[in-house]
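This report refers to the structure that appears directly beneath it.
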Protein chains: 2
Amino acid sequence: MDAIDLNLVDLLRGNARLSYAELARQVGLSAPAVHERVGKLESGGVIRAYRAEVEPETIGLGVTALIGIVEDSEADTDDVLEAFRVMPEIESCYFMAGVESFLLKARVGTIAELEQLIVRLNRTPGVASTRTGIALSTKWENRPQPVAPPTA
Amino acid sequence: MDAIDLNLVDLLRGNARLSYAELARQVGLSAPAVHERVGKLESGGVIRAYRAEVEPETIGLGVTALIGIVEDSEADTDDVLEAFRVMPEIESCYFMAGVESFLLKARVGTIAELEQLIVRLNRTPGVASTRTGIALSTKWENRPQPVAPPTA
DNA sequence: TACAGTCCGTGGACGCCATCGACCTCAACC
DNA sequence: GGTTGAGGTCGATGGCGTCCACGGACTGTA
């Protein structure tokens, strides 16, 4: 994990569809060398996936909500997690410090669907209460911050 | 934006580095047809970017925090937004309904850096108070939910 | 110093892919 | 019925991904 690797990570976080040839030009190596480095970053768990980032409204997911979850005293945290995992609307799930054990980011098409989701969450065993905040707009999301040292 | 487009979007959300030839096979069109469709999805604002998803800890961003922001009564929301925008640690920014106008997701390397970020946030004009929650672990993040109708 | 092993790179070769242009098909509309 | 436009296929070509053989730098050992 040297400076070139960090550089490759930054480049791919900016545009995951860059060709190996282009990456090679940017970092000053040959294409096979870059190919091998990126392969190691993938198999070493640094690069988890390559994803297209989509404007949610355009695919019918216009409602974004952030939901805090308080567990009840008998809750089995693993079971609660599994219950969340099978709900596809829950795009992100953080285990938090504080009264609320989880913070979920969910996306649905309509407020009615959000209502149904919240009902389902409140019904899942181990969940004592939920607190939902609605995002009126997403200013930006998952903006990658550069990590590579500036190339001198 | 028909079923094939939704299918392409799902495929690219799952793996942004799929070749056009492979996409073509999956949706049952020719490669040039897929090339044109994807190009229109990009220029039409449906596909915003292609990003490599990285394990944050491996690139020195081990601390994740979610920060609620309360604006003061004289705040200019646009100015506050711009102040947030130039802070690279703030990866996501939602404008929320409720007492807290914004919810930020920030990632930094250490708790000390988080402390500095919070101080900076509290000092920015228009910000009345902040409330920070620390994510002990990220169970998952930005999991794409399928949107295409199941191919019969 | 000499030597062997390892790591990490380069260069060449080959087949697949991206991409362009020409053409086809179908539906909508005068 | 002819025209137009959208959106598809097909074929060609140049570049790219990927495999392989090879080479130089570094390290530990005799």
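Just so we're on the same page: letters track the sequence lines, and every chain starts at 1.
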Tabulate protein N/O versus nucleotide N/O from nucleotides 19-28 of chain C, keeping only pairs under 3.5 Å, one per line.
unit_1: C/dT19; atom_1: OP2; unit_2: B/His35; atom_2: NE2; d: 2.4

Less than 4.0 Å between a side-chain N and a carboxylate O, is that true for A/Glu42 and B/Arg17?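 Salt bridge between B/Arg17 and A/Glu42, a charged N being under 4.0 Å from a carboxylate O: no.
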Measuring centre to centre across the rings, with the benzene-like ring taken for any Trp, is B/Phe95 within less than 6.0 Å of B/Phe102?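 When the ring centroids of B/Phe95 and B/Phe102 are compared, they turn out to be within the sub-6.0 Å range.
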With distance as the sole test, does [X] use its side chain to make a donor-acceptor pair with the main-chain N or O of [Y] at under 3.5 Å?
{"X": "A/Ser92", "Y": "B/Asn142", "value": "yes"}
{"X": "A/Asp10", "Y": "A/Ala148", "value": "yes"}
{"X": "A/Thr64", "Y": "A/Arg107", "value": "no"}
{"X": "B/Trp140", "Y": "A/Ile90", "value": "yes"}

Within the structure, does a side-chain N or O atom of B/Arg37 lie under 4.0 Å from either OP1 or OP2 of D/dA6? no
Taking 4.0 Å as the cut-off, does a side-chain nitrogen or oxygen of B/Arg25 come that near to OP1 or OP2 on C/dC17?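 For B/Arg25, the contact criterion (side-chain N or O under 4.0 Å from OP1 or OP2 of C/dC17) is met.
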Rounded to whole angstroms, how far apart are [atom1] on [X] and [atom2] on [N]?
{"X": "A/Leu18", "N": "D/dC16", "atom1": "CG", "atom2": "C1'", "answer": "14 Å"}
{"X": "B/Glu36", "N": "C/dC17", "atom1": "CD", "atom2": "P", "answer": "20 Å"}
{"X": "A/Leu29", "N": "C/dC7", "atom1": "CG", "atom2": "P", "answer": "18 Å"}
{"X": "A/Asp5", "N": "C/dC8", "atom1": "CG", "atom2": "C1'", "answer": "12 Å"}

Could you pick out which residue, A/Arg17 or A/Lys40, lies toward the 5' side of DNA chain C when each is mapped onto its nearest nucleotide? A/Lys40
Which part of the nucleic acid does A/Ser19 contact within heavy-atom distance under 4.0 Å: base, sugar-phosphate only, or nothing? sugar-phosphate
